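So the structure is just underneath, and the comments pick up after that.
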Amino acid sequence: MMAAAMFSAVGMTQALAECELADARLEEAIQNNPRLRGPANSQSVRDLRSLRDAALTLRFYGRHEDCERLLANIRELIAGPPMGSLGDNDEEQADIQNAAREPKVRHGAPLGSRDKKGAKPLIRIDQLTPGLRTDQMIGAEVRSADDKIVGEVRNIVFGTKDGRDYAIVASGGFFTTGKDSIVVPIKSLKVTQDRLSFFLPIAKDVMQKVPLMPDQDYNWLSDQAWRTRNDAFFATP
């Protein structure tokens with residue numbers, strides 16, 4: 001029985017070790033693969049991210065073998081032919097309709113393209129014509145004022161009584177909403193003219209001082225003092 005228990009423990013340890021989401025190298029593939037970075041493949045990249053999130057859920061529930069099988073599928077889809085060629089024309093049409101949502105770069109990526117010649121000025125959210133849809137914001141990358149990746153928008157809060165609406169930006173780990181999320185006043189954001197990247201009015205080093213979202217039940221919405229302190233970090237001069 002002891003030998004069986006030891007064998008079971010070893011097998012469980014191996015299963016735990018096998019399901020590592022970083023091994024799928026999804027964010028690195030998106031960053032380095034022009035095919036995945038192209039706007040025409042934005043729907044495919046969102047699908048890959050959804051599969052990645054599903055694998056993370058399986059891992060949390062202890063389904064490590066199922067998690068690893070899903071990661072194997074992600075690796076195959078990344079390495080295989082364009083995902084749009086695997087289905088029918090509906091996928092291509094979905095890409096056209098959703099091309100505004102460019103896939104995001106991996107956490108810790110280098111500087112973006114704001115310093116390149118011909119880079120167009122950023123636009124304030126309240127100056128956009130026409131305005132943004134929520135599906136153009138959720139999943140979009142967020143960068144600091146010095147053009148370093150911060151995270152991605154994972155949720156939007158509208159309709160506060162004081163008119164202060166927010167973007168919930170996941171800024172840690174695999175960009176999943178949780179303890180590393182920050183709360184950004186939407187009115188403080190600027191966006192590139194192609195509407196693919198959002199920019200904060202603060203530099204990356206200042207990000208270390210921004211308070212994290214205190215709870216995932218959004219009780220902080222009723223805490224006026226916390227919101228005032230938080231919003232002050234993003235106030236523009």
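From a predicted model like this one, the values you see are computed outputs, not experimental measurements.
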> When you look at Leu200 and Val142, which way does the side-chain contact (heavy atoms from CB on, under 4.5 Å) test go after all the steps?
Replying inline: CA-CA 7 Å; Leu200 301 174; Val142 179; 3.8 Å; yes
>> What verdict does the side-chain contact (heavy atoms from CB on, under 4.5 Å) test give for Thr160 and Leu221, after you've listed the backbone C-alpha separation in whole Å, the side-chain angles of each residue and the deciding distance to 0.1 Å?
In response: CA-CA 8 Å; Thr160 59; Leu221 280 168; 4.1 Å; yes
>> Does Asp205 form a salt bridge (Lys or Arg N to Asp or Glu O under 4.0 Å) with Lys148? I'd like the steps, not just the answer.
In response: CA-CA 10 Å; Asp205 58 351; Lys148 296 179 181 178; over 6 Å; no
> Please walk me through it: do Glu68 and Glu20 pass side-chain contact (heavy atoms from CB on, under 4.5 Å)?
Replying inline: CA-CA 8 Å; Glu68 178 54 31; Glu20 293 295 335; over 6 Å; no
>> Determine whether Val169 and Asn155 satisfy the following criterion, side-chain contact (heavy atoms from CB on, under 4.5 Å), listing intermediate values before the conclusion.
In response: CA-CA 7 Å; Val169 177; Asn155 207 350; over 6 Å; no
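The structure places CD of Glu76 at 10.5 Å from CD1 of Ile78, a figure rounded to the nearest 0.5 Å. The structure places CZ of Arg69 at 14.0 Å from CD1 of Ile74, a figure rounded to the nearest 0.5 Å.
Contact annotation: the side chain of Ile182 never approaches that of Asn230 to less than 4.5 Å [non-hydrogen atoms, C-beta and beyond]. In this structure the side chain of Trp226 never reaches within 4.5 angstrom of the side chain of Asn219, judged on heavy atoms. In this structure, the side chains of Ile156 and Ile138 come closer than 4.5 Å at one or more pairs of heavy atoms. The shortest side-chain heavy-atom distance between Ile125 and Lys187 does not fall under the 4.5 Å cut-off. You'll find the side chain of Leu132 reaches within 4.5 Å of the side chain of Phe198, heavy atoms only. Contact annotation: the side chain of Ile186 never approaches that of Val157 to less than 4.5 Å [non-hydrogen atoms, C-beta and beyond]. Taking 4.5 Å as the limit, every side-chain heavy atom of Asn73 sits out of range of all side-chain heavy atoms of Leu51. Arg195 is listed as a side-chain neighbour of Leu128, based on a closest heavy-atom distance under 4.5 Å.
Annotation: disulfide bond (SG atoms under 2.5 Å apart) contacts involving residues 40-71, sequence neighbours excluded, comprise Cys19-Cys67.
In terms of the ring pair (Phe, Tyr, Trp, His ring centres under 6.0 Å) criterion, residue partners of Tyr166 (sequence neighbours excluded) are, by chain and number, Trp220. Shown here are the side chain to side chain contact (heavy atoms under 4.5 Å, CB included) partners of Gln127, two or more places apart in sequence or in another chain: Ile123, Arg124. Here Ser144 pairs with Asp146 under the side-chain hydrogen bond (donor to acceptor under 3.5 Å, both in side chains) rule; sequence neighbours left out. Scored by the side chain to side chain contact (heavy atoms under 4.5 Å, CB included) test, Ala232 finds no partners at all (sequence neighbours excluded). Residues meeting the side-chain hydrogen bond (donor to acceptor under 3.5 Å, both in side chains) test with Arg63, sequence neighbours left out: Asp66. Remark: Asp165 engages no residue in a side-chain hydrogen bond (donor to acceptor under 3.5 Å, both in side chains) (not counting sequence neighbours). Applying the salt bridge (Lys or Arg N to Asp or Glu O under 4.0 Å) test to Arg164 and every residue at least two apart in sequence or in another chain returns Asp162, Asp231. Here Ser197 pairs with Glu141, Thr192, Phe199 under the side chain to side chain contact (heavy atoms under 4.5 Å, CB included) rule; sequence neighbours left out.
Closest of all the heavy-atom pairs between Gln224 and Arg227 is NE2-NH2, 2.9 Å. Closest approach of Pro201 to Ala145, counting heavy atoms only: C-CB, 4.0 Å. Taking each heavy atom of Phe234 and Ile202 in turn, the nearest pair found is CE2-CD1, 3.8 Å. Residues Ser181 and Ile168 share a closest heavy-atom pair of CB-CG2, 4.0 Å. For Tyr218 against Asp215, the heavy-atom pair with the smallest separation is N-OD2, 2.7 Å.
Contact check on Asp223 versus Arg229 returns no salt bridge, with no Lys/Arg side-chain nitrogen under 4.0 Å from an Asp/Glu carboxylate oxygen. Taking 4.0 Å as the cut-off between side-chain N and carboxylate O, Glu152 and Arg49 count as a salt-bridged pair.
The closest donor-acceptor contact from the side chain of Lys204 to the backbone of Val150 lies at 3.5 Å or more, if one exists at all. With hydrogens and angles disregarded, no donor-acceptor distance shorter than 3.5 Å links the side chain of Ser188 to the backbone of Val184.
Residue Phe158 places its CZ atom among more than 12 non-hydrogen atoms of other residues, nucleotides or ligands, all under 6.0 Å distant.
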